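The structure appears right after this line, and notes come after that.
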Amino acid sequence: MASEWQEYPLADCMDAILDYRGKTPKKTDSGIPLITAKIIKGGTILPVTEFIAEDDYDAWMCRGLPQPGDIVMTTEAPLGEIARLDNRKIALAQRVITLRGKKGILDNGFLKYLMLSHYVQHQLDGRGTGTTVTGIKQSELRQINLKFPSFVEQKAIAHILGSLDDKIELNRQMNATLEAMAQALFKSWFVDFDPVIDNALAAGNPIPDELEAKAAARQALGDARKPLPEEIRSLFPNAFVFTEEMGWIPAGWEIGVLEDHCEIIMGQSPKGESYNVLGIGTPLVNGPVEFGEYFTERMKWTTEPTKYSKNNDLIVCVRGSTTGRYVKSDGVYCLGRGVCALRGKYSQAFVDQFFKSSLPDFLRYTTGSTFPSWNTPTIKAFLSIKPAKKVVDRFDKKISSILDKQGELTKSNVTLSNLRDTLLPKLLSGELRIPEAERLVEEAIA
């Protein structure tokens, strides 16, 4: 029963609180992964992008060393994002506090979900201070009340919710692998022109100087090089032509612009009376969206969608610091200011991979120094290669199974996430018994 649960101030049930605020580490391109506030999100730690040197580790981590399983929490910008450390040796950046539950009293696995609960998040918000950026002092954090059951029950609850998170992470990793496969195929066919190089080598045709290194690398593979089946190789030419815009491209292919491949639906501000707070109508996307994820968050609502996305469109941010971020649409969304949808005219897969692979080049064409953005003419005019349509059609067909599997995994993760978010408050309040929750989870991940 929840009435039998213990309640203590956070400070009384911690073995360690590691706080590295007030220090700025010297960052490097490689070394010890640095856990920063910006990569702690949604209960997980996103891929690390910053590091500190191995030689600096002991001097930097002088306030205490994090351990596998510790809980990390952002203390501002934003406040209250929670995740759990894995087995990697890591360093902690500013605005991150590490919590370690008292051994035998508070299980770290349970602590993660307890810190994510509305019960704790509400306290964090109440004790946070700041006008433009909300943060929390350690003295205030230590007074947060934590309410929890016996250690055995904690472990059981953590296992139930952790099983869902483990399945979600496995699906995410599988999706990332599938995405890498699609990107590799796109790069091979439409960036490195491997099939054209193979055909040119087989025909004895000259290889342009700029492509000689790639051709040599292909030849060096020897028997390990596996040319495409003849039915696919025959779709590609066996020679190159030079263009002023893009250098050497396959003979017979053309130079075009992004608009040749897709419709570009630019968002706009809905009328004021279109908004409602009842959650009725079509969800509105204003941005920002996140790299490589399917869109699931519904930000505002409108009853009069005019510019909208369809399922599988690529939604792209076009204003501000998030310009260039993209997400796959999982349904119909009204497009507000700051985003657009790219909808393939004959291959959505080609549009998706072309945009992703060309993004670094596209970002050079933003307008505005302090507030970068893309306008419609700029997006439409992004330079693009135009392969023979039969090649694009074959690419689309070849990765269709990848796209189908990605869609299945994404839908599964939405279902699992919803179940986890439903079980979390019920388990942490004692409203739902552990056996019943276990049955629901087993059915969901079977």
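In this text the structure is predicted, and so the values were computed from the model without any measurement.
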Counting the benzene-type ring for Trp, do Phe186 and Phe350 have ring centres under 6.0 Å apart? yes

Between Trp374 and Phe382, is the gap from one ring center to the other below 6.0 Å? yes

Run the salt bridge (Lys or Arg N to Asp or Glu O under 4.0 Å) test against Arg95 and tell me which residues pass, sequence neighbours left out. none

Minimum heavy-atom distance [X]-[Y], with the two atoms named:
X      : Y      : result
Ile249 : Trp253 : CD1-O, 3.6 Å
Glu259 : Lys345 : O-NZ, 2.8 Å
Ala53  : Thr28  : N-OG1, 3.6 Å
Pro149 : Phe110 : CD-CZ, 3.6 Å
Ile379 : Cys340 : CD1-SG, 4.1 Å
Asn108 : Gly101 : OD1-N, 2.8 Å

If you measure from the Lys or Arg side-chain nitrogens to the Asp or Glu carboxylate oxygens, is any gap between [X] and [Y] under 4.0 Å?
X      : Y      : answer
Lys328 : Asp352 : yes
Lys41  : Glu81  : no
Lys389 : Asp393 : yes
Lys89  : Glu54  : yes
Asp70  : Arg84  : no
Asp194 : Lys214 : no
Arg439 : Glu442 : no
Lys426 : Glu436 : no
Lys155 : Asp107 : yes

Kindly assign one of parallel, tilted or perpendicular to the pair Phe362 and Phe355, based on the angle between their ring planes and the thresholds 30° and 60°. tilted

Any non-hydrogen side-chain atom of [X] less than 4.5 Å from a side-chain atom of [Y]?
X      : Y      : value
Leu146 : Val120 : yes
Trp60  : Ile32  : no
Gln154 : Leu106 : yes

Arg63 NZ/CZ over Tyr20 ring centroid, <6.0 Å and within 45° of normal: yes

Any chance you could measure [X], atom [atom1], to [Y], atom [atom2], to the nearest 0.5 Å?
X      : Y      : atom1 : atom2 : value
Ile35  : Arg88  : CD1   : CZ    : 5.5 Å
Leu178 : Ile399 : CG    : CD1   : 10.5 Å
Gln406 : Asp404 : CD    : CG    : 9.5 Å

Option among Leu423, Ile160, Thr422 that satisfies the side chain to side chain contact (heavy atoms under 4.5 Å, CB included) test with Leu432: Leu423

Going by ring-ring contact (aromatic ring centres under 6.0 Å, His included), name the residues that satisfy it together with His122, two or more places apart in sequence or in a different chain. His118

Examine distances only and state if a side-chain atom of Ser417 and a backbone atom of Val414 form a donor-acceptor pair shorter than 3.5 Å. no

I'd like to know if the side chain of Asp313 and the backbone of Lys310 have a donor-acceptor N/O pair within less than 3.5 Å. yes

Consider only side-chain N and O atoms of Asn375 and Thr378, and report whether a donor and an acceptor are under 3.5 Å apart. yes

